[in-house]
Amino acid sequence: MRGEVTPVAGAAEHGAGGVRAVVLDLDGVLADSLAVACEAFALAYAEVVGGGVAPVDEYCRHPGRYLPDVLRLMGLPAAMADPFVRESNRLAHLVTPVDGAAGVLGALRGRGIGLAVATGRSGGRARDLLGRLDLLRLVDHVVGSDEVARPKPAPDIVRRALELLGVAPADALMVGDAPSDLASARAAGVRAVAALWGESDPATLLAAGPDVVLAGLGELLPLCDPRPAPDAPPAARPATGGDGLAAPGVGPGGVDGHAG
C-alpha cells in the first residue's frame with residue numbers, strides 16, 4: 001500500500017445477505033507486476049518511438065486499463081503493443097504473487113465462494129501468468145479484455161464474469177486497485193472494493209468512491225462468510241455494515257492490466 005489511509009466507513013446499500021462470488025483484478029491485486037510492466041513499456045517505447053525518455057509515469061496513471069486503450073489515450077503508436085507483450089512475456093518470471101494470495105483464494109474456495117479474474121490483460125496472457133504463479137487452479141474463470149466488447153471502465157467484463165459464475169450482481173464483490181475497476185463494478189451493479197495495496201495512489205483510489213476499502217488482501221475474508229442458512233439464529237451471522245457486508249477495515253491485520 002502507498003502511504004497510510006483511513007478506510008472509508010460504511011458501504012453503499014446494495015442488498016443484504018452473504019457474498020456468493022468475488023471478481024478480482026489481476027495486476028496489483030493478485031500479482032506484483034508493476035515493475036515488469038514499466039520495463040516492458042520503456043523497451044517498447046524505445047523500439048517503436050525511438051529516442052527520448054519513455055513516459056513511464058504517465059503510463060502508470062492508467063492502471064487496470066487495456067493497453068491499446070492506454071496507447072490511444074497517450075497518443076502513442078498502436079505498434080507498441082506487440083513489443084510490450086513480447087517483453088512482458090520475457091520478463092514474466094520476475095512477477096510474484098501478492099502476499100497471501102494463494103491462501104486467501106483457497107480459503108474463499110473452501111467457503112464455496114465463486115471466484116473470477118477480470119483483467120486488463122488479454123485472456124490468454126492472464127491465464128498464462130496465473131498459471132506461472134500457481135493461482136489459476138484456485139479461480140473458476142478468467143476474463144480478459146480481448147474477450148469482451150468493451151474493456152474497463154465499461155461493465156462488460158464484470159458482467160461476463162458474473163454470467164460465467166451464475167451469480168447476480170447483488171451477491172458479488174469486485175476487488176480492484178484502479179478507478180477503472182471501481183467504475184466497471186458500479187456500472188455492473190456490483191459492490192466496488194478498493195485494494196489499497198495495489199498500483200494506484202490511495203488518494204486517487206479513494207476519490208473514485210469505492211463502497212468498501214481494504215488495506216490488505218486478507219481483509220477480504222470477513223466480507224465473504226458464506227450465506228447463512230434461512231433458519232440460522234441472528235447471533236450466528238458476522239458483524240456487518242448496513243448492506244450486510246462486514247464493516248470496512250475489519251479483518252486480519254489489517255501489461256496489460258496496468259495496461260496491457
For [X] versus [Y], what's the shortest heavy-atom pair and its separation?
X    : Y    : value
M80  : V49  : SD-CG2, 4.1 Å
A195 : L205 : O-CD2, 3.6 Å
A215 : L196 : CA-CB, 4.3 Å
P77  : L71  : O-CD1, 3.7 Å
P151 : D69  : CG-OD2, 3.2 Å
L34  : C60  : CD1-SG, 4.1 Å

Does [X] use its side chain to pair, donor to acceptor, with the backbone of [Y] at less than 3.5 Å?
X    : Y    : result
S200 : D177 : yes
R186 : A192 : no
R191 : M174 : no
R160 : A118 : no
S184 : D156 : no

side-chain contact (heavy atoms from CB on, under 4.5 Å) partner of R121, the single match among D146, L26, L130: L26

Taking NZ, NE, NH1 and NH2 as the nitrogens, is one of them in D128 or R132 under 4.0 Å from a carboxylate oxygen of the other? yes

From [X] atom [atom1] to [Y] atom [atom2], the distance as rounded to the nearest 0.5 Å:
X    : Y    : atom1 : atom2 : value
D171 : L165 : CG    : CG    : 11.5 Å
S33  : E39  : OG    : CD    : 14.0 Å
D181 : R65  : CG    : CZ    : 10.5 Å
S180 : D25  : OG    : CG    : 7.5 Å

Flag side-chain contact, heavy atom, 4.5 Å: [X] against [Y]:
X    : Y    : answer
L221 : V104 : yes
L108 : L138 : no
L105 : L24  : yes
P169 : L162 : yes
L164 : D140 : no
L220 : V175 : yes
V117 : L135 : no
L76  : V48  : no

Can you list every pair that meets ring-ring contact (aromatic ring centres under 6.0 Å, His included) and has a residue in residues 25-53, with sequence neighbours left out?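 Applying ring-ring contact (aromatic ring centres under 6.0 Å, His included) to every pair that reaches into residues 25-53, excluding sequence neighbours, yields F41-Y59.
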
Please tell me whether [X] and [Y] are part of a single hydrophobic cluster in this structure, the criterion being side-chain heavy atoms less than 4.5 Å apart.
X   : Y   : answer
V29 : L94 : yes
M74 : V56 : yes
V85 : L43 : no

Test log, rule side chain to side chain contact (heavy atoms under 4.5 Å, CB included), inputs E163 and V143: CA-CA 11 Å; E163 179 185 8; V143 185; over 6 Å; no

From CA spacing to verdict: side chain to side chain contact (heavy atoms under 4.5 Å, CB included), D99, L217: CA-CA 8 Å; D99 287 347; L217 186 57; over 6 Å; no

Would you say N89 has more than 12 foreign heavy atoms packed within less than 6.0 Å of its CG?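 More than 12 heavy atoms, drawn from other residues, nucleotides or ligands, come within 6.0 Å of this atom.
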
